[in-house]
Structure formats: structure tokens, C-alpha cells
Amino acid sequence: LPKPAPPRVLDSTIRLAEIARQSGRAVDAVNELWPLLARLEARIADGRTERDVLLLLTQARVAFGTSLGHVLPEERLATAARWTGRAVRIAQHLDDSALIAQPLRMHGNELRKAGHLGAAVTRLQHAVDLSANGPERGAALILLARAAGEYGDPDTFDQAITRARHLLDSTDQRTILFNPFSLREVQLRGLLSTGRATDAISLADPQPADSAQVAPQWRIIERVTAAEVLIAGGDTDAAAQTLDVAIAAAHVHRLPHQI
């Protein structure tokens, strides 16, 4: 029988899959992660419960569930949430608050996408509290703001946006979630969701200047949100053009769920 791959090789595979997902190649990430995940699950089934194996399985389940969340149709998004939820359970078993924050954050976001908004807000509030540093807390706050906006909770939404902006102003660190582009998109969508379309229209930018360095999925999401703001402002022609851009990008990057 072949020897099991060493942890560093498995860790590198997970990291490469995450890079693929963040660059808009979520299908490739799923294809890379599934055989690795099956091997790790088999190790656990054989009684291999060393901490390094459990840590790798936590990372793999989060990465796999998050990647599925980019490619599955809406009616199957609960599958993605189940995988991230399984990662949270391992992290809780390891009893490490710093470790729990990241899978909890991604699980909350997958719950939101699957329509479980109240549960998503609760998980994301907990993730904010457990986050160990500014960028991690900022990412959790941005996802919390999105969930609270969709849930119709303007107070939680406003508080999360304010705290995320303060964190952005206090550090130069940026991540795929924790950046001004993502914050602006989430704020626009949340304002629309909480009945403040006029405020959203006043903040809208026809073509954000900082979009070049943003992951493809976020550029697509932002264009959809921008179109919704244009519709709220009565400019349906510009909204149609903006949606054409979003649809074309989703086709190129194989990200239909962003539409």
C-alpha cells in the first residue's frame, strides 16, 4: 500500500486549492480537495485522531464546503453548509478558540447563502468575538453585515459596518474579504435590504476604482449589487448593461451562483 502523504504535502494542497478558489477557479478547487478530503476522512475512520490530522481535516472541510458554495445551485447550498459545519465540530472538539473562528466564520456565511439567516447571524457574531486579529475580525464583521442586512436587522448591520470600517482605517492589512471594495458592496446591498435605497444610491460608484485587485467572484457580486442600486434609482438601461458585465464574467470564471 502507498504511504500516506505527509501533513505538509496535504497542507500545501489545501492552500493551493484555496488560492484557486480565491482566483475564481472554484471548480478546480473542488476537484483538488475531494480526493484529499476522502483520504483524511479515511484516516479518521481508521482511528488516526492525532491533532495534526484533525487540524488538516478541519481545513479541508472548510475549504471544500466554501468551494462548493461557489459552484452549487441555490437549492443545493445546504450541502456546502453541512461541510463547513462539520469543520466547526472538529474545531470545537480541539477546544481552541483561535482555531474555531475561521471555520465558524465560513460556516456562518454558507448558512446565509442557504437561507438560514438567523443562524448565520448568530454564528458570525460568535466568530467576531473569537477572531484573534484585525483582518480576521474584519472579515467576520463584513460577513456579519451581509447576513444582518439580508435578515432585515438594521441595527446589527450598521454596527458591523461601522466596526469593519474602523478596522480598515486602523490597519494596512487586507484579505479577500477584508478590503474597502468588499465593504462597500456589502454596505450597498445591506442598505437596499434594510429599506434605505436612497442612501445606497448616494453611495453607489458606477465603476469602483479599486476593483482590479479583487477576486473575480467579488467583482461579479459587486456588479449585480450595482445593478440593483441602479434599478432602485430608476436607471434600468444602465442596470441592464451592468448585469451584462456580471453575466459575462460569471460565464468566463464558471461562477453561475454569483448571478
Side-chain angles (χ1 to χ4, degrees), residues 4-22 25-132 136 139-140 143-144 146-147 150 175-177 217 257:
R8 66 179 180 277
V9 174
L10 300 179
D11 181 69
S12 296
T13 302
I14 295 169
R15 291 179 184 274
L16 289 171
E18 280 289 271
I19 291 171
R21 177 183 65 81
Q22 293 175 8
R25 296 186 290 114
V27 173
D28 292 337
V30 169
N31 291 337
E32 286 291 326
L33 287 165
W34 174 245
L36 178 149
L37 184 58
R39 291 166 69 183
L40 287 171
E41 297 282 0
R43 289 193 188 188
I44 298 297
D46 287 341
R48 291 283 305 277
T49 57
E50 301 92 336
R51 183 177 177 84
D52 61 344
V53 175
L54 292 173
L55 287 171
L56 284 169
L57 183 57
T58 300
Q59 296 169 20
R61 284 178 173 179
V62 171
F64 185 68
T66 305
S67 297
L68 283 178
H70 285 297
V71 300
L72 289 177
E74 186 172 353
E75 63 272 14
R76 295 184 59 196
L77 285 176
T79 300
R82 280 196 291 272
W83 277 106
T84 54
R86 293 176 71 188
V88 171
R89 287 195 290 275
I90 295 180
Q92 290 171 333
H93 171 75
L94 292 170
D95 196 24
D96 184 333
S97 60
L99 174 64
I100 295 171
Q102 193 262 353
L104 191 62
R105 180 172 71 242
M106 304 316 295
H107 180 50
N109 193 48
E110 294 307 322
L111 285 172
R112 174 193 64 80
K113 290 159 63 177
H116 303 294
L117 298 176
V121 169
T122 299
R123 303 301 191 282
L124 289 166
Q125 286 173 323
H126 192 197
V128 169
D129 295 337
L130 294 175
S131 296
E136 288 186 1
L143 293 177
L144 173 60
R146 178 181 283 278
E150 293 185 18
T175 68
I176 189 174
L177 284 172
Q217 55 265 38
H257 187 258

Give the table of side-chain donor-acceptor pairs shorter than 3.5 Å for residues 119-126, with sequence neighbours excluded, one pair per line with atom names and distance.
{"residue": "T122", "atom": "OG1", "partner": "G118", "partner atom": "O", "Å": "3.2"}
{"residue": "R123", "atom": "NH1", "partner": "A119", "partner atom": "O", "Å": "3.4"}

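The CG atom of L57 sits 3.5 Å away from atom CD1 of I90, with the distance rounded to the nearest 0.5 Å. Between the CD1 atom in I19 and the CD atom in Q22 there is a gap of 7.5 Å [rounded to 0.5 Å]. To the nearest 0.5 Å, atom CD of residue Q59 and atom OG1 of residue T13 are 11.5 Å apart. Taking CG of L143 as the start and CZ of R112 as the end, the distance is 7.5 Å to the nearest 0.5 Å. For the atom pair L33 CG and R61 CZ, the distance stands at 13.5 Å (nearest 0.5 Å). The NE2 atom of H107 lies 11.0 Å from the CG atom of N109; values are rounded to the nearest 0.5 Å.
E18 meets the salt bridge (Lys or Arg N to Asp or Glu O under 4.0 Å) test with R21; sequence neighbours excluded. Under the salt bridge (Lys or Arg N to Asp or Glu O under 4.0 Å) criterion, D28 pairs with R25, R254, not counting sequence neighbours. For E136, there are no salt bridge (Lys or Arg N to Asp or Glu O under 4.0 Å) partners at least two apart in sequence or on another chain. For E50, the salt bridge (Lys or Arg N to Asp or Glu O under 4.0 Å) test picks out R48, with sequence neighbours left out.
Legend: salt bridge (Lys or Arg N to Asp or Glu O under 4.0 Å) pairs involving residues 77-94, not counting sequence neighbours, sorted by first then second residue: E41-R86.
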Evaluate the criterion side-chain contact (heavy atoms from CB on, under 4.5 Å) for residue pair I176 and Q217; output intermediate values, then yes/no. CA-CA 10 Å; I176 189 174; Q217 55 265 38; 4.0 Å; yes
Checking L94 against I100 for the side-chain contact (heavy atoms from CB on, under 4.5 Å) test, could you report, in this order, the C-alpha distance in whole Å, the side-chain angles of both residues, the deciding distance, and whether it holds? CA-CA 9 Å; L94 292 170; I100 295 171; over 6 Å; no
Residues V53, T49; criterion side-chain contact (heavy atoms from CB on, under 4.5 Å); working and verdict: CA-CA 6 Å; V53 175; T49 57; over 6 Å; no
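No side-chain heavy atom of L111 sits less than 4.5 Å from a side-chain heavy atom of L117.
Scanning all heavy atoms of the two residues, the minimum distance from A60 to L37 falls at CB-CD1, 3.8 Å. Shortest non-hydrogen contact noted between A17 and E32 is CB-CB, 4.4 Å. Between T58 and A91 the shortest heavy-atom distance is OG1-N, 4.2 Å. Minimum interatomic distance between I14 and L56 (heavy atoms only, all atoms of both residues): CD1-O, 3.7 Å. The two residues A127 and L104 have their closest heavy-atom pair at N-CD2, 3.6 Å.
The backbone N or O of G69 sits less than 3.5 Å from a side-chain atom of K113, completing a donor-acceptor pair. Listed for the T84 side chain is a donor-acceptor partner under 3.5 Å among the backbone atoms of A81.
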